[in-house]
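Okay, structure first, notes after.
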Amino acid sequence: MPEHRIVDTNALLVASERHDEASDQCQQNCAQFLQRVRRNVYCVVLDANGDALNEYVRYARSRQSGDVDALSLFLRHLSRNWSHPGRVRVVQLHMVENGNNEYIGWPLDEELANFDPNDRKWLMIALVFQQETDQIAPITYAIERDWDDYRDALTRHGVALDHLCAADRVMP
């Protein structure tokens, strides 16, 4: 049975050579991770709302060349395996109906009050997956300061992080 992972878009961008601050080793780590996803070593966890998938597609459309990159291959993998629960797992997130893009179940934790709104979907996917399965699906990322800055608070809520490029940590 494959391990479950939540994949932050920055890992896809680094693997696609679309992040200037990533080292060659970081890029290689991300590319190898995505190869393992395509070989079904990892099952990708997404949300039924399409928040994660829409972000992937938005970045795929923004690329400059028509070349097939790691992000395109990842999207192709998701498309081909959407109905295969051992390769793609989908959880349902619920939004607060206040128009502020807030999720029901967001942790009431003062340390997470300023957490990047664009990254909240990844955290919620992790929390809902854990509630539904009693398992942990780490959030896999490459270079993004927020995950490291909030690591202690996230750990308190049972969220695991898989940092593919710890040596390339982006400084403030």
Side-chain angles (χ1 to χ4, degrees), residues 1-93 116 118-148 151 154 158-170:
M1 180 86 172
E3 295 179 35
H4 291 86
R5 288 290 191 277
I6 299 157
V7 184
D8 188 322
T9 309
N10 68 60
L12 303 169
L13 296 175
V14 170
S16 298
E17 301 179 23
R18 294 172 53 193
H19 199 299
D20 296 336
E21 297 177 30
S23 69
D24 291 341
Q25 184 61 54
C26 177
Q27 181 184 339
Q28 185 177 31
N29 292 350
C30 292
Q32 289 172 347
F33 170 78
L34 293 176
Q35 286 173 357
R36 290 191 298 274
V37 168
R38 290 192 310 272
R39 287 195 314 256
N40 304 314
V41 172
Y42 298 119
C43 174
V44 179
V45 185
L46 300 171
D47 62 291
N49 310 32
D51 295 344
L53 188 59
N54 289 337
E55 182 170 305
Y56 298 151
V57 169
R58 188 172 57 251
Y59 278 98
R61 287 184 179 150
S62 70
R63 73 176 184 269
Q64 298 296 322
S65 70
D67 295 338
V68 175
D69 61 4
L71 177 53
S72 299
L73 293 172
F74 180 75
L75 284 170
R76 188 177 301 156
H77 172 81
L78 295 179
S79 174
R80 289 179 178 164
N81 293 289
W82 189 260
S83 61
H84 192 290
R87 296 179 182 160
V88 177
R89 171 73 187 246
V90 180
V91 298
Q92 181 68 55
L93 305 183
D116 184 350
N118 292 322
D119 286 336
R120 289 181 180 213
K121 65 185 153 297
W122 311 120
L123 173 56
M124 288 307 302
I125 292 169
L127 293 173
V128 171
F129 176 81
Q130 184 177 7
Q131 290 169 358
E132 288 182 0
T133 66
D134 206 28
Q135 297 176 33
I136 294 175
I139 298 170
T140 300
Y141 68 104
I143 297 180
E144 189 167 331
R145 207 175 88 228
D146 279 355
W147 295 116
D148 294 328
R151 182 178 294 274
L154 296 170
V159 176
L161 300 174
D162 178 20
H163 192 174
L164 297 174
C165 304
D168 286 20
R169 187 177 188 282
V170 176

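Nothing fancy with the numbering, it's 1 onward along the sequence. All values below come from the heavy atoms of this structure, side chains included, with hydrogens, waters and symmetry mates left out. Quick caveat, the model's predicted, so the values are computed rather than measured.
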Supply the atom-to-atom distance Glu3 CD to Asn40 CG, rounded to the nearest 0.5 angstrom. 13.0 Å
Closest heavy-atom contact between Ile143 and Cys165? CG1-CB, 4.2 Å
How about His163 and Tyr141: are their ring centroids closer than 6.0 Å? yes
Enter the distance from Asn49:CG to Asn54:CG here, rounded to the nearest 0.5 Å. 9.5 Å
Is it true that Asp47 and Lys121 make a salt bridge, defined as a side-chain N closer than 4.0 Å to a carboxylate O? no
Exercise: identify the closest heavy-atom pair between His4 and Phe129: CG-CZ, 3.4 Å
Going by heavy atoms in the side chains, are Arg76 and Leu73 under 4.5 Å from each other? yes
Using the side-chain contact (heavy atoms from CB on, under 4.5 Å) rule, take Leu161 and Arg151 through it: C-alpha gap first, then chi angles, then the decisive distance, then the call. CA-CA 8 Å; Leu161 300 174; Arg151 182 178 294 274; 3.7 Å; yes
Just wondering, do Leu154 and Trp147 contact through their side chains at under 4.5 Å, heavy atoms? yes
Please examine the side chains of Arg120 and Leu123, heavy atoms only from C-beta on, and report whether any two atoms are closer than 4.5 Å. no
Scanning both residues in full, the closest heavy-atom pair of Leu164 with Asn29 reads O-ND2, 2.8 Å
Which atom pair, heavy atoms only, marks the closest approach of Gln92 to Ala48? OE1-CB, 3.3 Å
Step-by-step side chain to side chain donor-acceptor pair (under 3.5 Å) determination, Gln28 to Asp24: CA-CA 6 Å; Gln28 185 177 31; Asp24 291 341; over 6 Å; no
Can you give me the closest heavy-atom contact between Asn10 and Ala142, atom names plus distance? OD1-N, 2.5 Å
Using the rule given for side-chain contact (heavy atoms from CB on, under 4.5 Å), can you reason through Thr140 versus Tyr42, listing the C-alpha separation, both sets of side-chain angles and the distance that settles it, and then say yes or no? CA-CA 11 Å; Thr140 300; Tyr42 298 119; over 6 Å; no
List the atom of Ala15, the atom of Ala31, and the distance in Å for their closest heavy-atom pair. CB-N, 3.8 Å
Working to the nearest 0.5 angstrom, can you tell me the gap between Arg89 CZ and His84 NE2? 13.5 Å
